[in-house]
Amino acid sequence: MNLNRLCVHTITTKPLSIEEAAKSYCRENIRGITVWRDALEGRDIRATGNMLRGEGLEIVSLCRGGFFPHLTAAGRKEAVDDNLKAIEEAAALGAPMIVLVCGAAKGQSLETSREQIKEGIAAIEPYAKAAGIKLAIEPLHPMYADTRSAINTLAQANDMAEAFASPWVGVAVDVYHLWWDPALQQEIKRCGQYLFAFHICDWRTPTRDLLLDRGLMGEGCIPIAQIREWVEGTGFNGFHEVEVFSTEYWSGDQQLFLQKIKHAYLHHS
């Protein structure tokens, strides 16, 4: 293992501005960055993309689009409009991909939410294609099925990507959300050319908060190296993206945290 394929999400080092993150990642020889949309607020997006590339960073993706399901047609239209805006932002930034956290709506069935997700992606796919931006459907752990995502297994994400049969619609594999799935190996193999992104962190035991207590690789129970082998067995040769939501890590020195990320990546993934 080396650092050539290590990418860090801006949300992982949330206390840093995107300008600070760029310089900090560069100091640690981290070459990939996935940009969360909140990090772009109030900035010239095109200039920010140029700044990141000027620091030697490769922009891996923009996070996040999605959240398509709503109880009203007006809400669903607003979601589509926001995703079209995300496509424009990705194009201006120079990001080749948007990660879709697909959403779910309290008060309607998961099946209805899934249909609305499919309709939402269908509405934006032509615009993504025209902009040269890939859309990666990210299945989320079932604990988030209430409001964050009605796509909860890799099989569901694969089914949806295959239904579009578009080179612009694929899937993102996040070990935090999928490690528990007994069908994970076969579904990763099934991804093939539709596997667009690979996100890593660890599931702490015990987990103190289901959203904001992710661990670094090696701090929990996820067989990350095994899953990486399955992912790379599909021919995937993209970045390994460290995505950690952690109030503990956000409260500390972010430069030291980046050094811990590098050590965890090199020794536990």
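Numbers here are sequence positions counted from 1.
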- Could you list the residues that satisfy side chain to side chain donor-acceptor pair (under 3.5 Å) with Lys77, not counting sequence neighbours? Asp81

- Ion pair Arg208/Glu248, N-O distance below 4.0 Å: yes

- Query: Under 3.5 Å, is there a donor-acceptor pair between the side chain of Asp209 and the main chain of Leu211?
  - Reply: yes

- Message: Distance alone, cut at 3.5 Å: any donor-acceptor contact between the side chains of Gln226 and Gln185?
- Response: no

- Message: Is it the case that the side chain of Asp202 and the backbone of Met217 share a donor-acceptor pair, with hydrogens and angles ignored and the cut-off at 3.5 Å?
- Response: no

- Item | Side chains of Leu154 and Val173 in contact at under 4.5 Å (non-hydrogen atoms) | yes

- Message: Between Ser24 and Arg27, do the side chains contain a donor N or O and an acceptor N or O under 3.5 Å apart?
- Response: yes

- Short side-chain to backbone donor-acceptor contact, Asn158 and Glu187, under 3.5 Å: yes

- Side-chain donor-acceptor pair present, Glu20, Gln254, cut-off under 3.5 Å: no

- Query: If only atom types and distance count, is the side chain of Lys262 paired as donor or acceptor with the main-chain N or O of Glu28 below 3.5 Å?
  - Reply: yes

- Query: Are His240 and Tyr265 near enough that their ring centres are under 6.0 Å apart?
  - Reply: yes

- Item | Met97 backbone acceptor or donor facing Ser61 side chain under 3.5 Å | no

- Item | Distance-only side-chain donor-acceptor flag, Glu243 / Thr12, under 3.5 Å | no

- Item | Arg5 vs Asn237, side chain to side chain contact (heavy atoms under 4.5 Å, CB included): CA-CA, chis, key distance, verdict | CA-CA 8 Å; Arg5 295 166 67 187; Asn237 61 359; 4.2 Å; yes

- Query: Within the distance-only criterion (no hydrogens, no angle test), does the side chain of Thr13 pair as donor or acceptor with the backbone N or O of Leu16 below 3.5 angstrom?
  - Reply: no

- Please examine the side chains of Cys221 and Trp179, heavy atoms only from C-beta on, and report whether any two atoms are closer than 4.5 Å. yes

- Examine His199 together with His9 and report whether their ring centres are nearer than 6.0 Å. yes

- Task: In sequence, state the C-alpha distance, the side-chain angles, and the governing distance for Arg31 and Cys26, and then conclude on side chain to side chain contact (heavy atoms under 4.5 Å, CB included).
- Result: CA-CA 7 Å; Arg31 291 294 171 233; Cys26 183; 4.2 Å; yes

- Query: How long is the span from the CZ atom in Phe236 to the OG1 atom in Thr234, to the nearest 0.5 Å?
  - Reply: 7.5 Å

For residues 121-146, which side-chain donor-acceptor pairs fall under 3.5 Å, sequence neighbours excluded?
unit_1	atom_1	unit_2	atom_2	d
Glu125	OE2	Ser166	OG	2.8
His141	ND1	Met143	N	3.0
Tyr144	OH	Leu210	O	2.4

- In Å, rounded to the nearest 0.5 Å, how long is the span from CD of Glu78 to OG1 of Thr72? 8.5 Å

- Item | Check: Ser269 side chain, Ile224 main-chain N or O, donor-acceptor pair, under 3.5 Å | no

